[in-house]
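These numbers come from the heavy atoms of this one structure, side chains and all, not from hydrogens, waters or symmetry mates. Labels below follow one simple rule: chain letters A, B, ... track the order of the sequence lines, proteins then strands, and each chain is numbered from 1.
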There are 2 protein chains.
Amino acid sequence: MREIKVKKGQILQHKGDINTRVYKVKSGLLRSYSIDDKGKEHIYMFAPENWIIADNCETSTPCNLFIDALEDSVLLISEKEEEIRNAKVKSLVNRLAALQDRILGLMSSPSIERYKKFLETYPAITQRVPQRMIASYLGITPEALSRVRKEISLEK
Amino acid sequence: MREIKVKKGQILQHKGDINTRVYKVKSGLLRSYSIDDKGKEHIYMFAPENWIIADNCETSTPCNLFIDALEDSVLLISEKEEEIRNAKVKSLVNRLAALQDRILGLMSSPSIERYKKFLETYPAITQRVPQRMIASYLGITPEALSRVRKEISLEK
DNA sequence: GTTGTGCATTGATGTAGATCAAGAAATGAA
DNA sequence: TTCATTTCTTGATCTACATCAATGCACAAC
């Protein structure tokens with residue numbers, strides 16, 4: 001378990017790496033994302049202070065995700081094996097609950113609802129990343145998010 | 001931890017219930033699903049033999065999911081608290097990995113790719129449930145799945 | 001200052017998949 | 001068996017969101 005500092009833009013993990021590390025964010029902001037066949041980025045998660053981020057793939061298989069820093073950050077790095085020994089079941093179950101919500105949202109809610117929920121759930125993130133990244137997290141294009149925001153502003 | 005038998009169609013858990021139970025399937029097949037504002041069902045998961053199924057919500061809060069039996073089944077019921085004590089971190093991490101795949105698939109793959117992957121990943125389930133339920137799991141309508149299947153049959 | 005470079009917005013058009021409606025085929029019950 | 005119910009398919013139309021393209025803005029580098 002050691003501490004490192006990374007600069008904004010630095011890539012910690014590439015897709016295809018065999019990476020056995022887990023990152024805990026002490027300060028700053030990381031994200032994980034995939035790049036699809038057409039070269040499009042899809043953000044899987046944001047990790048601000050006190051969050052833990054890693055690819056959930058098997059310890060020995062190549063990662064599916066990239067992880068990089070959206071802000072200058074300070075991280076604690078630990079090995080997955082160690083993490084598996086220390087992880088609290090409770091916090092994993094909470095994470096399962098969040099993913100369940102995300103899946104059901106993707107299947108049943110239109111983009112405007114997903115965006116409103118994001119604003120409620122992660123108000124701090126909204127201030128810290130460009131809108132196109134929120135769009136990517138929501139599974140829509142920046143253009144679509146821009147129109148959603150316009151529609152919300154007209155509702156008021 | 002007790003064993004019960006349930007008939008096909010029997011509902012084990014309603015959305016809104018405070019349900020602290022976890023079901024392990026000894027034989028048969030369960031599913032969990034939500035119903036959205038427009039009354040549409042969205043299947044969250046299928047649980048065949050040896051799978052564990054439950055709503056991932058907080059122990060004390062109302063569930064988001066329905067759980068029912070798609071076949072006559074034999075189940076082992078345990079309490080969530082007990083389950084949290086006994087759960088293996090490894091199996092939870094595997095589940096996280098599966099959900100990660102599902103989310104990235106919903107965001108980046110067209111329905112035909114999601115269906116092909118489903119066939120590879122859960123070939124047994126395909127034989128046991130009506131197609132409209134697979135459509136529901138994939139986040140598309142039965143009509144759309146029917147057309148996807150037609151397209152696949154023409155590819156060959 | 002000027003000249004990028006990335007981001008947000010807006011408009012025009014395209015498309016995957018939804019919805020609606022009708023038949024056909026399979027399944028189950030009496 | 002027959003009748004009813006559910007499931008699957010097919011066609012016509014609709015819509016949410018994507019794509020493509022142009023413009024305006026902010027902010028950083030020089």
Side-chain angles (χ1 to χ4, degrees), chain A residues 7-9 29 31 33 35-43 46 68-72 103-119 125-155, chain B residues 7-10 29 31 33-43 46 68-72 103-119 125-155:
Chain A
K7 286 282 175 194
K8 175 173 175 171
L29 181 61
R31 67 164 174 168
Y33 60 100
I35 296 186
D36 70 23
D37 315 331
K38 293 165 208 138
K40 264 186 64 175
E41 269 179 34
H42 302 275
I43 294 182
F46 296 108
D68 67 10
L70 299 179
E71 300 174 357
D72 294 351
I103 288 169
L104 293 172
L106 283 168
M107 294 203 296
S108 63
S109 304
S111 56
I112 188 167
E113 297 306 326
R114 300 208 299 281
Y115 178 59
K116 284 178 177 171
K117 187 169 172 188
F118 182 91
L119 291 182
I125 302 285
T126 311
Q127 315 303 322
R128 290 164 71 179
V129 306
Q131 281 172 29
R132 62 181 188 80
M133 290 196 185
I134 297 175
S136 172
Y137 179 93
L138 296 174
I140 59 176
T141 58
E143 295 94 326
L145 179 56
S146 175
R147 286 179 243 256
V148 157
R149 283 165 49 82
K150 191 178 183 182
E151 188 176 342
I152 290 175
S153 73
L154 296 177
E155 280 175 5
Chain B
K7 287 280 176 197
K8 175 173 174 172
Q10 189 171 334
L29 181 62
R31 67 164 174 168
Y33 60 99
S34 74
I35 296 185
D36 70 23
D37 315 331
K38 293 165 208 140
K40 264 187 64 173
E41 269 178 36
H42 302 275
I43 295 182
F46 296 107
D68 67 10
L70 298 180
E71 300 173 357
D72 294 352
I103 288 168
L104 292 171
L106 283 168
M107 294 202 297
S108 63
S109 305
S111 56
I112 188 168
E113 297 306 325
R114 301 209 298 281
Y115 178 60
K116 284 178 177 173
K117 186 168 173 190
F118 183 91
L119 291 181
I125 303 284
T126 311
Q127 316 302 321
R128 291 164 70 179
V129 306
Q131 281 172 30
R132 62 178 189 82
M133 289 195 186
I134 296 174
S136 172
Y137 179 93
L138 296 174
I140 60 176
T141 59
E143 294 94 326
L145 179 56
S146 175
R147 287 180 243 259
V148 158
R149 283 164 50 81
K150 190 176 182 184
E151 189 175 341
I152 290 175
S153 72
L154 295 177
E155 280 175 7

Check your understanding: If you look at every heavy atom in B:Ile43 and B:Tyr33, which pair is closest and at what distance?
Key -> CA-CB, 3.7 Å

Practice item. Check whether any side-chain N or O of A:Arg114 sits under 3.5 Å from a backbone N or O of A:Leu106 as a donor-acceptor pair, and report yes or no. Key: no

Review point. Where along residues 133-146 of chain A does a heavy atom fall under 4.0 Å from DNA chain C?
Key: A:Glu143, A:Ser146

Practice item. Can you sort out the partners of A:Lys116 under salt bridge (charged side-chain N to carboxylate O under 4.0 Å, His left out), two or more places apart, ordered by chain and number? Key: A:Glu155

Review point. In Å and rounded to the nearest 0.5 Å, what is the NZ to CE distance from B:Lys40 to A:Met107?
Key: 10.0 Å

Review point. For the helix from C:dG1-D:dC30 to C:dA30-D:dT1, how many degrees between its two end axes (five pairs per end), to the nearest 10°?
Key: 50°

Review point. What residues in residues 106-116 of chain A put a non-hydrogen atom under 4.0 Å from any atom of DNA chain C?
Key: none

Point to revise | Interface limits on DNA chain D, where chain B has a heavy atom under 4.0 Å of a nucleotide atom | key: D:dT7 to D:dA12

Review point. Which nucleotide span of DNA chain C, 5' end to 3' end, has atoms closer than 4.0 Å to non-hydrogen atoms of chain B?
Key: C:dG17 to C:dC20

Point to revise | Residues that B:Arg149 engages under side chain to side chain donor-acceptor pair (under 3.5 Å), provided they are two or more places apart | key: B:Tyr115, B:Gln131

Practice item. Name all residues meeting the side chain to side chain donor-acceptor pair (under 3.5 Å) criterion together with B:Glu71; count only those two or more places apart in sequence or in a different chain, and write none if there are none. Key: B:Arg128

Review point. When rounded to the nearest 0.5 angstrom, what is the spacing between OG in B:Ser108 and CD1 in A:Ile35?
Key: 11.5 Å

**Study point:** Intermediate values then yes/no, side-chain contact (heavy atoms from CB on, under 4.5 Å), B:Leu119 and B:Ile134
**Key:** CA-CA 10 Å; B:Leu119 291 181; B:Ile134 296 174; 5.8 Å; no

Check: residues 137-146 of chain A side-chain donor-acceptor pairs under 3.5 Å, at least two apart:
unit_1, atom_1, unit_2, atom_2, d
A:Thr141, OG1, A:Ala144, N, 3.2

Practice item. For B:Glu113, enumerate each residue passing the salt bridge (charged side-chain N to carboxylate O under 4.0 Å, His left out) test, keeping only those at least two apart in sequence or located in another chain. Key: none

Point to revise | Contacts of type side chain to side chain donor-acceptor pair (under 3.5 Å), residue A:Asp36, not counting sequence neighbours | key: A:His42

Check your understanding: Got a donor-acceptor contact below 3.5 angstrom from the B:Asp72 side chain to the B:Lys7 backbone?
Key -> no

Practice item. Test A:Asp68 against A:Leu70 for side-chain contact (heavy atoms from CB on, under 4.5 Å), laying out the working first. Key: CA-CA 7 Å; A:Asp68 67 10; A:Leu70 299 179; 4.1 Å; yes

Point to revise | salt bridge (charged side-chain N to carboxylate O under 4.0 Å, His left out) partners of A:Lys117, counting only residues at least two apart | key: A:Asp101

Review point. Checking all strands, does A:Lys40 fall into the base, sugar-phosphate, or nothing category for heavy-atom contacts under 4.0 angstrom?
Key: sugar-phosphate

